[in-house]
Novice: 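I'd like to ask some things about the structure below.
Computed from heavy atoms alone, side chains included, the values below leave out hydrogens, waters and symmetry copies. Chain letters run A, B, ... following the sequence lines, proteins first, then strands; residues in each count from 1.
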Number of protein chains: 2
Amino acid sequence: MRLSEKKITASLKRHGYKLTPQRRAVIGAIASSPDHLTTTALYQKVRQDHPAIGLVTVYRTLDILARLELICELHAGGSCRSYTIAAPGHHHHLICADCGEVIDFSGHYLTELEARLCRETGFEIEGHLLEFIGRCQDCQRAT
Amino acid sequence: MRLSEKKITASLKRHGYKLTPQRRAVIGAIASSPDHLTTTALYQKVRQDHPAIGLVTVYRTLDILARLELICELHAGGSCRSYTIAAPGHHHHLICADCGEVIDFSGHYLTELEARLCRETGFEIEGHLLEFIGRCQDCQRAT
DNA sequence: GCTCTAAATGAAAATTATTATCATTTATAT
DNA sequence: ATATAAATGATAATAATTTTCATTTAGAGC
Ligand SMILES: [Mn+2]
Ligand SMILES: [Mn+2]
Ligand SMILES: [Zn+2]
Ligand SMILES: [Zn+2]
């Protein structure tokens, strides 16, 4: 139930963005990969079909897509800077610290907690980030 | 109930690290500030008393302290790269997207969820990151 | 206290990630 | 087809982090 390429481009248009070949290419690349990819990885992938695209355009496109919540950002410990992937809607991540495998999971575990925080702090809460870090089965064996 | 300078240095020694004036300075700076600080901010602060310290040493010291869980890392949306602070133990963050204010909160909201994920995925879970992003009362008014 | 050595430091350069500028091109409304 | 605001990409600028390596030093052992 991942967002389709069609839905993504529709949303872009609806929000007044132009539909350029570059943007299509980035969307195509992200939609056709099951993995979370870094900006740079995505850039490499897009260049296979679209060698003239600029890295900056990839950054810009991802920025827009993330803001519209059409893709999701991934943090993860260490050297940070978020990774991205085509997104189903709100979900969280379970990340293998060794091999980088990412498992998405969803559910609304935080609604009560969020309400309590609002009440106690007066914050208006816009979102949250929940990620588990661990070691996948393969990497556990490989010890 | 934040970790004291004494406890932090004790833990460093226990783990076989040498106690240098530079490390003391970094620990002093972090322990004496109620806020979460970036590496650079901390560097500035330390230099007031210890003008000759190198930025690299600050990086290295924070790295060690974080690994020993004597300080905690903070991510936060946008431009990322983790911030740090002296740490009480495990807790989470509520961050104002406008002014950067950080409120710590604790509690074990995720134990059940964690158990379920272990069961279903076979992952061995080591930790997690939970952060809420929103707008503090002051910044709401300032709209 | 003095000696020795592995560990730590800091200057500098190298990497890496991200953002800003700006002249040129282009998607699309009319 | 035209006009125009938006988008692109080359390039430079900024920023955060890591690597290298020669020099210094904390602390263990005498
Ligand atoms: Mn995801
Ligand atoms: Mn904290
Ligand atoms: Zn793994
Ligand atoms: Zn605020």
Side-chain angles (χ1 to χ4, degrees), chain A residues 8-29 36-68 70-71 73-84 100, chain B residues 8-29 36-68 70-71 73-84 100:
Chain A
I8 294 178
T9 51
S11 178
L12 265 192
K13 294 220 71 161
R14 180 154 18 91
H15 287 272
Y17 291 100
K18 290 181 178 174
L19 215 38
T20 65
Q22 292 89 338
R23 283 176 180 166
R24 284 179 194 283
V26 172
I27 293 168
H36 288 72
L37 302 170
T38 63
T39 308
T40 311
L42 213 32
Y43 174 55
Q44 311 290 5
K45 193 169 179 209
V46 172
R47 283 173 91 188
Q48 292 172 5
D49 294 323
H50 205 299
I53 197 170
L55 175 58
V56 203
T57 299
V58 177
Y59 268 104
R60 283 190 286 231
T61 305
L62 291 176
D63 193 53
I64 294 169
L65 295 177
R67 231 198 300 277
L68 297 181
L70 301 170
I71 58 174
E73 281 199 357
L74 174 65
H75 285 238
S79 61
C80 200
R81 194 48 182 177
S82 22
Y83 310 142
T84 47
Chain B
I8 295 177
T9 51
S11 177
L12 265 192
K13 294 220 74 162
R14 180 153 19 90
H15 287 272
Y17 291 102
K18 290 182 179 172
L19 216 37
T20 65
Q22 291 90 337
R23 285 176 180 167
R24 283 179 194 283
V26 172
I27 293 168
H36 288 71
L37 302 170
T38 63
T39 308
T40 311
L42 212 33
Y43 174 54
Q44 310 291 5
K45 193 170 180 209
V46 172
R47 284 173 89 188
Q48 291 170 6
D49 294 323
H50 205 299
I53 198 171
L55 175 57
V56 204
T57 299
V58 178
Y59 269 103
R60 283 190 286 231
T61 305
L62 292 176
D63 194 52
I64 294 169
L65 295 177
R67 233 198 298 276
L68 297 181
L70 300 170
I71 58 174
E73 282 198 357
L74 174 64
H75 284 238
S79 60
C80 200
R81 195 48 183 176
S82 25
Y83 310 142
T84 48

Novice: For A:A29 versus A:L42, what's the shortest heavy-atom pair and its separation?
Specialist: CB-CD1, 3.9 Å
Novice: Classify every nucleotide of nucleotides 21-30 of chain D by which part a protein heavy atom approaches to under 4.0 Å, writing B for the base, S for the sugar-phosphate alone and - for neither, in 5'-to-3' order.
Specialist: -----BS---
Novice: Would you mind reading off the distance between B:R47 atom CZ and C:dT9 atom P, rounded to a whole angstrom?
Specialist: 16 Å
Novice: Starting the side chain at C-beta, find the nucleotide from D:dG9, D:dA7, C:dA17 nearest to A:Y59.
Specialist: C:dA17
Novice: Return the value, rounded to whole Å, for the distance between atom CG of A:L12 and atom P of D:dA6.
Specialist: 15 Å
Novice: Pick one: which of B:T61, B:I27, B:I53 meets side chain to side chain contact (heavy atoms under 4.5 Å, CB included) with B:Q22?
Specialist: B:I53
Novice: Grab the two heavy atoms, one from B:A41 and one from B:L37, that are nearest each other, plus how far apart they are.
Specialist: CB-CB, 4.2 Å
Novice: B:R24 versus B:H50: any side-chain heavy-atom pair under 4.5 Å?
Specialist: no
Novice: Return the 5'-most residue of the pair B:H50, A:L55 with respect to DNA chain C, ranking by each residue's nearest nucleotide.
Specialist: B:H50
Novice: Quick one: closest heavy-atom pair of B:Y43 and B:L55, and the distance?
Specialist: CE1-N, 3.4 Å
Novice: Measure CD1/A:I64 against P/D:dA6 and give the value in whole Å, please.
Specialist: 12 Å
Novice: Could you tell me if the side chain of B:I64 sits less than 4.5 Å from the side chain of B:R23, heavy atoms only?
Specialist: yes
Novice: Can you figure out which of D:dG9, D:dA16, C:dT9 approaches the side chain of B:R23 most closely?
Specialist: C:dT9
